Number of protein chains: 2
Amino acid sequence: MTEGPDISRTAALIGDPARAGMLAALMRGQALTVSELAAEAGIGLPTASAHLARLEGGGLIAPRRQGRHKYFALASDEVAALLEALMRFSAGSAPARLPGPRDPALRQARVCYNHLAGERGVQMYDSLVARGFLLAAGEGLRLTEEGVGFVTGFGIDLAALQAARPPLCRECLDWSARRSHLGGRLGRAFLLAIEAKDWARRSPGSRVIAFTPEGARRFALAFPAARADDLSRIAGG
Amino acid sequence: MTEGPDISRTAALIGDPARAGMLAALMRGQALTVSELAAEAGIGLPTASAHLARLEGGGLIAPRRQGRHKYFALASDEVAALLEALMRFSAGSAPARLPGPRDPALRQARVCYNHLAGERGVQMYDSLVARGFLLAAGEGLRLTEEGVGFVTGFGIDLAALQAARPPLCRECLDWSARRSHLGGRLGRAFLLAIEAKDWARRSPGSRVIAFTPEGARRFALAFPAARADDLSRIAGG
DNA sequence: GCCATGCTTCGCCCATGATCGAACCATGAC
DNA sequence: GTCATGGTTCGATCATGGGCGAAGCATGGC
């Protein structure tokens with residue numbers, strides 16, 4: 001009767017406010033303990049424990065024990081992409097939400113699991129593509145020869161990255177900008193490099209990435225925007 | 001506390017087996033009546049009516065009255081993309097499902113809302129990109145000058161397509177092949193052209209698109225696979 | 001050994017919502 | 001008008017599962 005994989009199981013897991021809140025918190029990228037996640041969702045410890053067990057069973061999160069603590073993190077980049085896709089859809093239909101002061105900051109630059117998202121993330125992605133450092137094809141993204149040079153020049157150790165299994169480049173649809181940004185190990189490496197250069201730092205307890213004035217200036221120089229006539233043709237077709 | 005849009009509402013809507021079944025049925029692309037959807041989900045009329053009202057309220061489906069009948073269809077291409085993303089994730093973690101004889105056919109070629117998906121869809125997309133007819137940048141896809149020629153030569157009336165609002169090209173992640181295929185109005189036009197050429201036809205009551213032997217031959221000629229060395233570098237980085 | 005801390009399990013309560021049958025409306029056929 | 005058909009609304013039933021407090025296990029510090 002129903003064709004294809006069972007969607008409803010996964011959707012139902014995300015469909016509970018408490019669990020969704022925990023997942024949203026984990027989108028900050030750092031692993032959190034059961035207690036922290038319980039506080040984040042505004043529920044008690046026993047309840048949180050049950051929720052987390054179900055999320056783990058569904059393959060959405062992965063545990064890591066450390067002494068008396070049990071840390072949870074998103075299971076994979078794919079989960080983060082799925083959550084962003086959901087946010088992207090919900091952002092359009094939602095009734096504006098409370099337009100708190102944090103929302104603009106979130107739109108501008110935030111961490112998406114482990115890489116840079118928001119307008120700055122999109123700008124970086126576009127700039128890399130426009131200058132021929134990154135090539136989109138199929139689902140994959142390819143780093144070109146020139147791209148290798150740029151990345152290395154940016155202070156990223158490519159050799160170390162090549163070793164691991166998960167995809168080097170991955171594009172990730174952004175819920176705020178409704179455009180792609182760069183994920184995968186390379187996306188992570190870029191964010192780390194940006195933090196290492198002290199251009200920006202993550203705000204504790206939030207997904208916001210705060211750029212310093214000087215950092216913003218350097219970022220704009222490093223990732224110049226693509227030419228306007230290019231962008232205009234891309235959007236609508 | 002929670003940052004970003006409210007995911008859980010949308011996810012909860014999809015998270016019910018009956019509703020998920022209805023949505024999956026609507027992925028075939030044709031609008032279905034309340035009774036048909038009820039039968040599809042294996043529930044009674046009153047229950048189905050209530051479910052559909054909620055789905056409509058959530059912006060996932062859109063109604064269209066026609067005489068005594070009320071037809072429902074997916075609200076937009078975005079909803080289809082979201083559902084495919086969910087299927088994509090669930091396909092990985094699901095316990096193999098029942099490996100019925102229809103699954104391989106589904107993997108090979110199926111309709112995704114209104115365009116071609118599955119291996120054949122991916123092949124078409126890759127071929128178009130590899131030959132420079134389609135250019136990926138940002139979230140958007142652009143049809144190049146050469147692409148315009150190819151599309152027109154394929155028997156698609158581009159002028160008519162340009163008029164409407166929704167994006168001409170859109171890429172859509174495939175749950176079976178885990179790669180992109182072509183959606184949007186152009187994707188729809190390609191599928192219609194393929195059907196018009198009698199290369200394939202949709203199987204009634206299923207998402208499967210059955211190619212004739214001759215049609216498969218012509219398809220392979222029209223959309224030759226990209227060169228192998230290109231593809232190998234794309235996948236893993 | 002002891003205690004404190006972090007998490008899990010258990011038992012219970014309660015709200016949500018999925019479901020159906022029956023009655024009700026609205027449209028089209030006659 | 002009357003009837004049949006497709007959908008909706010209503011009322012009631014019932015299962016799922018979210019929630020918490022209390023007790024039970026671990027682990028680490030002493």
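It should be emphasised that the depicted structure is a prediction, and the values quoted were computed from it without experimental measurement. Throughout, a chain's letter reflects where its sequence line sits, starting with A, and its residues are numbered from 1.
- Rounded to whole angstrom, the span from the CG atom of A:L45 across to the P atom of D:dG18 amounts to 17 Å.
- Atom-to-atom, CG of B:L13 to C1' of C:dA18 comes out at 14 Å; the value is rounded to the nearest Å.
- B:L37 has its CG atom 14 Å from the P atom of D:dG6, to the nearest Å.
- Atoms CG and CG, on A:L143 and A:L182 in that order, are 9.0 Å from each other to the nearest 0.5 Å.
- Ring geometry for A:F211 against A:F219 counts as perpendicular: the plane angle is over 60°, on a 0 to 90° scale with 30° as the lower cut.
- For DNA chain C, the residues of residues 46-54 of chain B within the heavy-atom distance limit of 4.0 Å (strictly under) are B:P46, B:T47, B:H51, B:R54, sorted by number.
- Side-chain proximity of A:I43 to the nucleotides D:dG18, D:dC20, D:dG6 is greatest for D:dC20.
- Proximity of A:L82 to A:T10: side-chain heavy atoms (C-beta onward) are separated by under 4.5 Å at one or more points.
- One can place CD1 of A:I14 at 16 Å from P of D:dG17, the figure rounded to the nearest angstrom.
- The side chain of A:K70 places no N or O atom within less than 4.0 Å of a non-bridging phosphate oxygen (OP1 or OP2) of D:dT27.
- In this structure, B:S35 reaches the D:dG7 phosphate: one of its side-chain N or O atoms is under 4.0 Å from OP1 or OP2.
- Rounded to whole Å, atom C1' of D:dG28 lies 10 Å from atom NE2 of A:H69.
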Note to self: One pair to check against side-chain contact (heavy atoms from CB on, under 4.5 Å): A:Y113 and A:D77. What are the steps and the verdict?
What the structure shows: CA-CA 7 Å; A:Y113 184 41; A:D77 236 27; 3.1 Å; yes
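- Salt-bridge formation is not detected for the pair B:R110/B:E119: no Lys NZ or Arg NE/NH1/NH2 atom is positioned less than 4.0 Å from an Asp or Glu carboxylate oxygen.
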Item checked: Protein proximity profile, nucleotides 24-30 of chain C - base contact B, sugar-phosphate-only contact S, no contact -, cut-off 4.0 Å on heavy atoms -> ---BS--
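- Whole-Å rounding puts the B:L32 CG to D:dG6 P distance at 15 Å.
- When the salt bridge (charged side-chain N to carboxylate O under 4.0 Å, His left out) test is applied to A:E195, the partners found at least two apart in sequence or on another chain are A:R202.
- Remark: aromatic rings of A:F154 and A:W199 are close, center separation under 6.0 Å.
- When rounded to the nearest whole Å, the span between CZ of A:R64 and P of C:dG6 equals 17 Å.
- Two residues, B:E36 and A:A18, neighbour DNA chain D, and the one matched to the more 5' nucleotide by heavy-atom proximity is B:E36.
- B:I7 pairs in a side chain to side chain contact (heavy atoms under 4.5 Å, CB included) with only one of the listed residues (A:E84, A:M87, A:R88), which is A:M87.
- In this structure, the side chains of A:R9 and B:P17 stay at 4.5 Å or more apart for every pair of heavy atoms.
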